[in-house]
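Only this structure's heavy atoms are used, side chains among them; waters, hydrogens and symmetry mates stay out. Chain letters run A, B, ... following the sequence lines, proteins first and then strands; every chain starts at 1.
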Amino acid sequence: MAPQALSDVRVIDLTHYVAGPYCTKLLADYGADVIKVERPGTGDPARHIGPFYQDEPHPEKSLLFLHLNTNKRGITLNLKSKTGRRLLLGLVKDADLVVESFAPRVLPSLGLSYETLASVNPRVALVSISNFGQTGPYRDFKASEVVLYAMGGEMYSCGLPDREPVALGPHWIQFQVGSVAAVAAMGAFYGARYQGLGQQVDISMMEVQAGGTERRNQVLVGYQYSGMVEPRMAGTGGGYPSQMYPCQDGYFFMIGGIPKWDRFAELMQSEELKDPKWKNPAAQRDPDLQAEFEAIYLTWLAEHTRVECWQAAQALGITCAPLNTVEDLLKDAHFKEREYWVELEHPATGKLTYPGAPFKMTETPWRARRAAPLLGEHNGEIYGSLGLAKEEMVRLREMGVI
Amino acid sequence: MTGLPLDGVRVIDLTGVWAGPFGTLLLADLGAEVIRVEPRQVFQPSGRGGSPRPTKAQIANMRLYSQYPNMEPGDRPWNRSAFTNPQIRNKLSLTLDIRRPEGRRIFERLLKLSDVLFANTVTDTVEGLKITYEDLKAIKEDIIVLHAPGMGLTGPYRNYRLHGATLEAATGFTALRGYADVHPSQNASTYVGDFAAGSQGAFAVLAALHYRNLTGRGQGIDLSQGENALHYLGPAILDYTANGRIQQPQGNHDPRAAPQGCYPCKGGDQREGFGSWVAISVFSDDQWGGLCRALGNPAWAQEERFSDSWGRGQHHDELDRLLGEWTAQHDQYAVMHLLQAQGVPAGPVLSVKDAFADPHLRDRGFFESVTQEDCGTHLYPGMLFKLSKTPLSIRTPPVRLGEHNEYVYKELLGLTAEEYVELEREGHIGMDYPPHLR
């Protein structure tokens, strides 16, 4: 079997919910040995968040948790106990990365600050993911997906003009943060491995968005440059069509201010649209011409399905898309041909279809080695590797440490 | 020498629009030498703004994300676009047309001195430019090549053209967001896929670099922007594959929180489409108690039907209305502080203007003041994360077209003065687009 890129990387994963686990999932999916440390009894709170397999709330059946924790090994450990802390430091000794997503006060209060970790392993990198970062006036503030988007992202312009700003989909901001955290983790790991310098990474969910290209960094700079502010508006702007229109079996979307007008006219098989008056980009914003345009475009759309529209326009190199649901994607030939979907077997759910490789590597492939761990599934093998005898583990279980 | 983690890593950047440049930005911020290779005799679509020489009237019609300093084109508009500039700090710029034979020869020389090539063009262009992994491996055995086309390098959609707004529609994102009572076809565009592809591309390159350091082997990476972004929909995908459910948009609600939403505040810009807003989430009885205390325990908050999270969820719309009547009497920051003091998640919906004044971002030094010759001095969004021992920063301003021609051609590639003049004569080298490009 081909090797994986990160097979020699060892990660102690103290994260929970979405952002941290997505970061460590990426590391694990590309080969890292990720040991997920969960609180005894209840585990990662994401185990208690739906949707659930067959709609049955159960800590081993959260589909959110199952998605986010593939390829990891799992142990339970009470970090508040002295013994728990000692066992964790034993694991940190051999780790390249420790990733955590506690509130900033927590790790130091457990006697597990970066300095303590560095004292047992000077080359370890500690990746800390939090709502607002490890410093600053909002350091200890509480947040949620929608609060994070409000403060860090471009929520202000997301939505319709006569309505309140509206959130993105469930957990998306936290996925963005997890993805950037994986870059930060690899950057810190790279420095530690090749320059011998361990350090702490401070990731603020607010700043990841404010510096990110879900248009927020562009509009921040746009404001600095121009002093202009912009209202919420529908569509993409930039001239019609600029929004989705109905076609025979759903909705179809072409970017406004069509840059390849000749090809568009060819697609519509319309002599009227070949008139030079349309070539001026201003014409594509002219409200007086919109009815004329729509009469042609909407007629064409009504005669074609989403897939027909998409194929015909893409064949001419026009940027466009149908409005698809998740169901459409699972049935789509493209993703099947690329073998995107993968099946994973899990004791509580049997076989399920998951999203597969986010990117394909020729030498070191993404791989679904194992489904998410059951709570404490790997206690035996991992504590065994620290030299604990079976009897000691029984005693630690009785004490609630593991 | 940057002293940063990626010191000594050289990346050829053939990216455009937002997704690719965001990926190489993260590598540049971490200390890699990222060289943008840009033709100057053709203008790449959305390469440096929408067109090389927009008029003042055109700029007046542009969206905020495409704006220019003082809304003026200036002498070199291509160095002044907000569409591009946030993503090209810490990078170098080389002008070179790799489509022409002499340009190709230079490109191959540069490739031999590089570690990574990063591109996000559509597959037929990758093949046409002869920059597939196989093409480039034949020139430099251990090169790492990342391509991030909309739908990947293989499969029926390999040549489909998609950008952020179309990508999110095609891959199921648009259908899962927006108001619960408005059809998703009416959603304004967002660009989640660009963000996702960019950051994931940087991660992929870092993983491949590590493997190359261990084994001496390079590799090719096929990053489908669509497939990559689908990870964000993992729970919705599993809800379909496990339960057969097609999830619907939930607006600002969440099944675990009530009340949760975006509520009006007083002050700010109250024109339609603007307004002043605060986001609030209440997940538990404790947080509900905190909210009630912050509001001064109004009579409605004592009603039996709101006493547990089940009841609050059942009467969510009514709660939204009552809470909105209270928030509307307060400033967005006042609401945040009142609620956070009681342990309730709450925060203002920050407009671009508000963000620059925000005390927390200021305290953390997030915005950095940068002077760029063609733009003047402005505050820019800074680093996405902080490293404690090797601090990251905006080391060099948004790079101007061709700014590093001398360095790359002469110092790096060792071209003679004669060869340099010859390439200049052939139109490769310069800091302007020729006047006929409008």
Side-chain angles (χ1 to χ4, degrees), chain A residues 5 51 53 63-64 67 136 138 141-142 144 146-147 150-151 156 161 164 167 169 175 179-180 182-184 186-187 190-191 199-200 202-203 208 211 213-214 217-226 230-232 236 244 251 253 314 319 321 325-326 334 337-338 353 355 358-360 362-363, chain B residues 5 18 22 26 30 63-65 67 69 71 82 86 155-157 160-161 166 169-170 172 175-177 185 189 195 199 202-204 206-207 211 219-220 222-223 228 230 232 234-235 238-242 252 262 273 279 281 340 345 347 349 351-352 360 363-364 378 381 384-386 388-389:
Chain A
Y53 175 66
L63 299 170
L64 175 69
H67 171 57
Y138 305 164
F141 278 12
K142 296 244 177 3
S144 64
V146 63
V147 168
M151 297 177 75
Y156 193 79
E164 71 282 8
F175 275 100
S179 168
V180 168
V183 177
M186 280 304 298
Y190 206 85
Q199 55 185 323
Q200 184 172 11
D202 173 7
I203 300 173
V208 165
T213 196
E214 203 286 275
N217 63 3
Q218 283 89 4
V219 296
L220 287 168
V221 172
Y223 171 72
Q224 274 290 310
Y225 281 1
S226 66
E230 192 175 71
R232 283 184 297 291
T236 53
M244 283 187 209
Y251 286 82
F253 183 33
Q314 286 286 356
T319 301
T325 66
V326 162
H334 178 79
E337 186 175 312
R338 285 174 56 84
T353 300
F359 53 88
K360 296 178 193 292
T362 54
E363 296 286 315
Chain B
W18 284 353
F22 184 49
L26 292 169
L30 279 166
R63 298 283 305 268
L64 183 56
Y65 57 60
Q67 272 302 328
M71 300 177 83
Y157 304 154
Y160 277 25
R161 276 137 173 97
T166 39
L176 273 170
R177 64 172 180 84
S185 62
S189 298
F195 188 115
S199 55
F203 170 70
L206 282 158
Y211 183 74
Q219 58 183 314
D222 173 9
L223 194 161
N228 173 59
L230 281 175
Y232 293 24
L238 284 162
D239 204 8
Y240 177 75
T241 62
N252 289 323
C262 179
S281 295
Q340 289 283 0
V349 184
S351 69
V352 282
H360 185 74
D363 185 84
R364 285 176 57 85
H378 298 93
L384 281 83
F385 47 86
K386 293 179 189 293
S388 60
K389 291 191 186 155

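If you measure heavy-atom distances from A:Q218 to chain B, the contacts under 4.5 Å come from both the backbone and the side chain. When heavy atoms are compared at a cutoff of 4.5 Å, A:Y138 approaches chain B by way of both its backbone and its side chain. Heavy atoms of B:F22 lying under 4.5 Å from chain A belong exclusively to its side chain. Residue B:L30 touches chain A through its side chain alone, counting heavy-atom pairs closer than 4.5 Å.
Annotation for B:Q67 and A:G222: closest pair CB-O, 3.9 Å, computed over non-hydrogen atoms. Here the closest non-hydrogen pair linking B:S281 and A:S144 is OG-OG, 2.6 Å. Here the shortest heavy-atom pairing between B:Q219 and A:E363 reads OE1-N, 2.9 Å.
The main-chain N or O of A:M244 is never found under 3.5 Å from a side-chain atom of B:S185 such that the two would form a donor-acceptor pair. Here the side chain of A:E230 pairs a donor or acceptor atom with the backbone of B:L64 at under 3.5 angstrom.
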Derivation of the side chain to side chain donor-acceptor pair (under 3.5 Å) call for A:T353 and B:T241 | CA-CA 6 Å; A:T353 300; B:T241 62; 5.2 Å; no

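Highest contact tally toward chain B, considering only A:T362, A:T213, A:V221, A:V326, is held by A:T213 [criterion: heavy-atom pairs under 4.5 Å]. With respect to chain B, the highest number of heavy-atom pairs below 4.5 Å among A:R232, A:H334, A:M151, A:Q200 belongs to A:H334.
Proximity of A:E164 to B:V349: side-chain heavy atoms (C-beta onward) are nowhere separated by under 4.5 Å.
The aromatic rings of B:F203 and A:F359 sit perpendicular to each other, their planes meeting at more than 60°, with 30° as the lower class boundary.
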